[in-house]
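This report refers to the structure that appears directly beneath it.
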Amino acid sequence: MRLVICWSDISGYMAACWRALAALPGVEAHVIATEASGRTFNNDLIAGLHVKLIPQDRREDLDLIRALVRERRPDVLYTSGWSNPAYRAMAASKEFQGVPKWMGVDTPYLGTLRQQVGRVVLRRYVARMDKVFVAGERAWQYLRALGAPEARLRRGLYGVDHEALAPAHAQRCADPRGWPKRFLFIGRYVEEKGIPTLVRAYARYRGSVSDPWPLTTCGVGPMTELLRADGIDDLGFRQPAEMREIMLRHGALVLSSHFDPWPLVVVEAAAAGLPVACTEACGSAVELVRPYHNGLTVATGDPDALARALIWLHERHAELPRMGERGRELASGYSAQAWALRWTEAARESAGRPLP
């Protein structure tokens, strides 16, 4: 059975998921995605997989994408959301009318005017889908608001390389120097990631404790200059293999987003056994962060609240290993292997065929 996946662009976590899917019998996965550009993920991530990369300037070329899909003769066709007009057109194409179609959504239900106005158009689009994969509970609520029946909804849009990340917890615990006393931020340096909030919160934290921990940041974006502050060490953009080593050297993740539908870094940090302090805007915190159990969630855009969360983690240094273990268990359900099983079962249902 051929599952053709029209994705946006490659990433470390999705490469791990596609690799796990390729290792299972019964489904042959073919991915069409946008070519990497600038400081982003390396194409080596997809070596050995059936992935066709489209140049950036042709990512909305309907004729090209239709030809690529036709060539792969899909039994099931997945298209990423509705942001790419070429992918939207594929879902409505008469050429693939008899092929079961899936889509993915990580957008949270916010009840905004724009979402209310768009309900009619999006409802018709969703109605064409055999299945809709959602990232988490907030996206599930959005799809229900659009009228999508529960029978068509599937949780588990994303997965992470849990197998590669999980050993970091035991390695940290075994380090004779003790659990690392360093905070870690991973994300783009843009307004929606709350960079100004992060910088202000960290400065207030530093002024509140006698032995402040350093903050390491990993990412790229126009707000890099804001991170040139006392105690902050900016490492820039790093590849997934490097990030695993970086997570190993840190004691907790902090995420200050103002808007973040379902940040995978929360899942990856939990998989690596890191306690997490993040804002309520981080959609994946609904599934992965249990307050005062494996981390904290705080009000969005509130530097004082985020600073208090950093102080709370700082003062409970001895408890961080146990918090990290709890988070690792929560993240195990989002492993690449679990993702591959979910998608394989969904393919079996959509195509009406038994699989090995």
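All values reported here derive from a predicted model rather than from experimental measurement.
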### Query
Under a 4.0 Å N-O cut-off, is there an ion pair linking E319 with R322?
no
### Task
Show the numbers, then the answer: is there a side-chain contact (heavy atoms from CB on, under 4.5 Å) between Y189 and E225?
CA-CA 9 Å; Y189 302 159; E225 285 298 318; over 6 Å; no
### Message
Is there a salt bridge (Lys or Arg N to Asp or Glu O under 4.0 Å) between R244 and E268? Walk through the geometry before answering.
### Response
CA-CA 9 Å; R244 288 192 284 271; E268 292 178 322; over 6 Å; no
### salt bridge (charged side-chain N to carboxylate O under 4.0 Å, His left out) involving R188 - partner list, sequence neighbours excluded
E192
#### Entry: ring pair (Phe, Tyr, Trp, His ring centres under 6.0 Å) pairs, two or more places apart, involving residues 259-295
W262-Y334, Y292-W312
### Query
If Ile, Leu, Val, Met, Phe, Trp and Tyr residues are connected whenever their side-chain heavy atoms lie under 4.5 Å apart, and connections chain through other members, are L296 and L330 in the same group?
yes
### Task
Check whether any side-chain N or O of T34 sits under 3.5 Å from a backbone N or O of S8 as a donor-acceptor pair, and report yes or no.
yes
### Task
Sequence neighbours left out, what passes side-chain hydrogen bond (donor to acceptor under 3.5 Å, both in side chains) with H314? Give chain and number order.
Y205, D211, W213
### Task
For H258, check ring-ring contact (aromatic ring centres under 6.0 Å, His included) against everything at least two apart and list the hits.
none
### Summary
In short, Y125 meets R88 closest at the heavy-atom pair OH-CA, 3.6 Å
### Message
Is any side-chain heavy atom of V134 closer than 4.5 Å to one of R155?
### Response
yes
### Query
Does one hydrophobic cluster hold both M223 and L227, with members joined at side-chain heavy-atom distances below 4.5 Å?
yes
### Task
Any chance you could measure M323, atom CE, to L313, atom CG, to the nearest 0.5 Å?
6.0 Å
## Note on the structure
Sequence neighbours excluded, the answer for side-chain contact (heavy atoms from CB on, under 4.5 Å) partners of A203 is none
### Task
Look only at the side chain of Y202 and the backbone of G231, and say whether a donor-acceptor pair between them is shorter than 3.5 Å.
yes
### Query
So do V276 and L255 actually touch side chain to side chain, heavy atoms under 4.5 Å?
no
When the side chains of residues 247-254 are checked against the rest of the protein, which donor-acceptor pairs come out under 3.5 Å, sequence neighbours left out?
{"residue": "H250", "atom": "ND1", "partner": "I246", "partner atom": "O", "Å": "2.6"}
{"residue": "H250", "atom": "NE2", "partner": "T216", "partner atom": "OG1", "Å": "2.7"}

### Query
Can F183 be reached from L235 by stepping across I, L, V, M, F, W or Y side chains whose heavy atoms are under 4.5 Å apart?
yes
### Query
Within the distance-only criterion (no hydrogens, no angle test), does the side chain of R172 pair as donor or acceptor with the backbone N or O of A272 below 3.5 angstrom?
yes
### Summary
On a heavy-atom basis, the closest approach of A135 and D106 is CB-CB, 3.6 Å
### Message
Can you confirm whether H162 sits close enough to S332 that some side-chain heavy atom of one is under 4.5 Å from a side-chain heavy atom of the other?
### Response
yes
### Query
Cluster partners of L62, using ILVMFWY side-chain heavy atoms under 4.5 angstrom, listed by chain and number?
V4, I32, I54, L64, I65, L68, V69, L77, Y87, M90, F96, V99
### Message
What verdict does the side-chain contact (heavy atoms from CB on, under 4.5 Å) test give for L264 and S284, after you've listed the backbone C-alpha separation in whole Å, the side-chain angles of each residue and the deciding distance to 0.1 Å?
### Response
CA-CA 7 Å; L264 269 296; S284 51; over 6 Å; no
### Task
For R326 and E329, run salt bridge (Lys or Arg N to Asp or Glu O under 4.0 Å): C-alpha distance rounded to whole Å, both residues' side-chain angles, the deciding distance at 0.1 Å, then the answer.
CA-CA 5 Å; R326 293 167 183 155; E329 292 169 2; over 6 Å; no
### Task
Look at the side chain of R144 and the backbone N and O of A148, then say whether any donor-acceptor pair between them is shorter than 3.5 Å.
yes
### Query
Quick one: OG1 on T344 to CG on L21, what's the gap to the nearest 0.5 Å?
5.0 Å
### Query
Pick from W7, Y78, W343: which one makes a ring pair (Phe, Tyr, Trp, His ring centres under 6.0 Å) with W102?
W343
### Message
Does V105 form a side-chain contact (heavy atoms from CB on, under 4.5 Å) with V132? I'd like the steps, not just the answer.
### Response
CA-CA 7 Å; V105 178; V132 181; 4.0 Å; yes
### Message
How close do P222 and V190 get, counting heavy atoms only, and between which atoms?
### Response
CD-CG1, 3.8 Å
### Query
With distance as the sole test, does S80 use its side chain to make a donor-acceptor pair with the main-chain N or O of C6 at under 3.5 Å?
yes
### Query
Considering residues at least two apart in sequence or located in another chain, which fulfil the salt bridge (charged side-chain N to carboxylate O under 4.0 Å, His left out) criterion with R73?
none
### Query
Could you state the interatomic distance from CD (E325) to CG (N294), rounded to the nearest 0.5 Å?
11.0 Å
### Audit row: K131, V76, side-chain contact (heavy atoms from CB on, under 4.5 Å) steps and yes/no
CA-CA 10 Å; K131 286 181 175 46; V76 178; over 6 Å; no
### Message
Within this structure, what is the CZ-CG distance for the pair R342 and L157, rounded to the nearest 0.5 Å?
### Response
10.0 Å
### Check: N84 side chain, R59 main-chain N or O, donor-acceptor pair, under 3.5 Å
yes
### Query
Quick one: side-chain hydrogen bond (donor to acceptor under 3.5 Å, both in side chains) pairs with a partner in residues 145-154, sequence neighbours left out?
R154-E349
### Query
Who pairs with P303 by side-chain contact (heavy atoms from CB on, under 4.5 Å), at least two apart in sequence or on another chain?
T197, R200, A201, R204
### Task
Determine yes or no for a side-chain-to-main-chain donor-acceptor pair under 3.5 angstrom, with T300 supplying the side chain and A281 the backbone.
yes
### Message
Hydrophobic clustering (ILVMFWY, side-chain heavy atoms < 4.5 Å, transitive) - are L215 and I311 grouped together?
### Response
yes
### Message
My understanding is that only residues two or more places apart in sequence, or in another chain, count here; which of them pass side-chain contact (heavy atoms from CB on, under 4.5 Å) with D63?
### Response
D61, R66
### Message
If you compare all heavy atoms of A299 against all heavy atoms of A305, which two are closest, and at what distance to 0.1 Å?
### Response
N-CB, 4.5 Å
### Task
Please step through ring-ring contact (aromatic ring centres under 6.0 Å, His included) for the pair W18 and H30, ending with a clear verdict.
CA-CA 9 Å; W18 298 332; H30 293 266; over 10 Å; no
### Summary
Distance col, row E315:CD vs R308:CZ, nearest 0.5 angstrom, shows 12.5 Å
### Candidate pair D260 and K193, rule salt bridge (Lys or Arg N to Asp or Glu O under 4.0 Å), full reasoning
CA-CA 7 Å; D260 220 338; K193 292 292 185 179; 2.8 Å; yes
### Message
Whether the side chain of H317 engages the backbone of W179 through a donor-acceptor N/O pair (distance < 3.5 Å, no angle test) should be reported.
### Response
yes
### Task
Scan residues 270-295 for pairs that pass salt bridge (charged side-chain N to carboxylate O under 4.0 Å, His left out), counting only residues two or more places apart or in two chains.
none
## Note on the structure
dist L198:CG -> L310:CG (nearest 0.5 Å) comes out at 8.0 Å
### Query
Taking all atoms of both residues into account, what is the closest heavy-atom pair of H169 and P321, and its distance?
NE2-O, 2.7 Å
### Message
Do F185 and L226 land in one hydrophobic cluster if side-chain heavy atoms of ILVMFWY residues count as linked below 4.5 Å?
### Response
yes
### Message
Give me the atom names and distance for the closest heavy-atom approach of R206 to D230.
### Response
CD-O, 3.4 Å
